[in-house]
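Following this message is one structure expressed as structure tokens.
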Amino acid sequence: MRGAILLLIFLNLAAPAEAQRQPLGIFFQWGAFEEEGRCFAIAEPERSPRPRDWKPFASIGYWPGQGVRGQLHIRLSRQKREGSAVLLKIDDRTWQLIGDGNNAWAPDRPADAEIVAAMRTGVDMTVETRSDRGARVRDYYRLRGAATAIDAAAVACARAR
């Protein structure tokens with residue numbers, strides 16, 4: 001709960017005044033937010049290497065004006081080594097993501113839909129890769145509250161149309 005509250009404070013302080021994020025709710029370790037033109041569910045990892053210059057997160061985003069619904073975005077806790085795979089595991093299922101720098105995404109819309117469906121019923125999620133220094137990176141997320149946060153973001157952006 002403390003992490004969720006800190007996430008809420010961080011996200012609201014980090015947003016410029018003209019694009020202020022509006023909280024839709026905090027659901028265990030997941031938060032849902034709306035800002036001009038987009039809505040998203042987001043969480044910080046429960047366990048990850050200590051970040052350097054950015055905050056790692058997992059998010060599911062909606063951009064109605066661009067036709068984007070339920071898109072996964074991962075901000076890794078470390079810069080990814082070029083050529084290294086990024087693997088997302090939810091319980092006993094694994095997907096290979098597309099990664100660049102400290103970001104990763106599902107390779108296509110069907111993978112996004114599969115991942116979101118798995119997040120809704122899953123317990124744990126890990127994202128693994130190798131850092132630019134060769135060290136193994138593993139960011140660990142709890143999924144309790146993810147489904148509710150995803151729903152809150154989806155409903156808010158459906159209303160905004």
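Because the structure is a prediction, the values reported are computed rather than measured.
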Check: Atom CZ of R21 and atom CD1 of I42: how far apart are they, to the nearest 0.5 Å?
Finding: 7.0 Å
Margin query: Are the side chains of V116 and L72 in contact, using a 4.5 Å heavy-atom criterion?
Written below: no
Note to self: Can you list, by chain and residue number, the hydrophobic cluster partners of W63 when the side-chain cut-off is 4.5 Å?
What the structure shows: V68
Check: What distance do R142 atom CZ and W30 atom CH2 have between them, rounded to the nearest 0.5 Å?
Finding: 13.0 Å
Report all side-chain donor-acceptor pairs from residues 143-158 shorter than 3.5 Å, counting only partners two or more places apart or in another chain.
{"from": "D151", "atom 1": "OD1", "to": "R120", "atom 2": "NH1", "distance (Å)": "2.9"}
{"from": "D151", "atom 1": "OD1", "to": "R120", "atom 2": "NH2", "distance (Å)": "2.5"}

Check: How far apart are the closest heavy atoms of G61 and F40, and which atoms are they?
Finding: CA-CB, 4.0 Å
Checklist line | Donor-acceptor under 3.5 Å (S131 side chain, R133 main chain) | finding: yes
Next item on the list: Please check if the side chain of T129 supplies one atom and the backbone of A85 the other of a donor-acceptor pair under 3.5 Å.
Entry: yes
Item checked: Qualifying ring-ring contact (aromatic ring centres under 6.0 Å, His included) pairs, either residue in residues 107-127, two or more places apart -> none
Check: Out of curiosity, N103 CG to I74 CD1, how far, rounded to the nearest 0.5 Å?
Finding: 10.0 Å
Margin query: Among residues at least two apart in sequence or on other chains, which ones pass salt bridge (charged side-chain N to carboxylate O under 4.0 Å, His left out) with D91?
Written below: none
Margin query: Do M125 and E46 make a side-chain contact, defined as non-hydrogen atoms from C-beta onward lying under 4.5 Å apart?
Written below: no
Next item on the list: To the nearest 0.5 Å, tell me how far Q22 CD sits from E35 CD.
Entry: 9.5 Å
Next item on the list: Can you see which heavy atom on K55 is nearest to which on R75, and at what distance?
Entry: O-CG, 3.4 Å
Next item on the list: Quick one: closest heavy-atom pair of A104 and V86, and the distance?
Entry: CB-CG1, 3.9 Å
Notebook entry, point to check: Between CD of Q79 and CG of N102, what distance do you get to the nearest 0.5 Å?
Noted result: 5.0 Å
Next item on the list: Report the residues that fulfil side-chain hydrogen bond (donor to acceptor under 3.5 Å, both in side chains) with T121, sequence neighbours left out, ordered by chain and then residue number.
Entry: none
Check: Are L24 and F57 connected in a single hydrophobic cluster, I mean Ile/Leu/Val/Met/Phe/Trp/Tyr linked by side-chain heavy atoms less than 4.5 Å apart?
Finding: no
Check: If you take all heavy atoms of P107 and I98, which pair is closest and at what distance?
Finding: CA-CD1, 3.3 Å
Next item on the list: Provide the full list of ring-ring contact (aromatic ring centres under 6.0 Å, His included) pairs with a residue in residues 74-127, sequence neighbours left out, each pair given once.
Entry: H73-W105
Note to self: Holding to side-chain hydrogen bond (donor to acceptor under 3.5 Å, both in side chains), I want the full list of residues that pass it with R130, two or more places apart in sequence or in another chain.
What the structure shows: none
Notebook entry, point to check: Which residue pairs satisfy the salt bridge (charged side-chain N to carboxylate O under 4.0 Å, His left out) criterion with at least one member in residues 99-116, sequence neighbours excluded?
Noted result: R93-E114
Next item on the list: State which residues pass side-chain hydrogen bond (donor to acceptor under 3.5 Å, both in side chains) with E128; sequence neighbours excluded, sorted by chain then number.
Entry: R138
Checklist line | Heavy-atom pair of closest approach, residues Y141 and E44 | finding: CE2-C, 3.5 Å
Notebook entry, point to check: Which heavy atom in D139 sits nearest to a heavy atom in P56, and how many Å separate them?
Noted result: OD2-CB, 4.4 Å
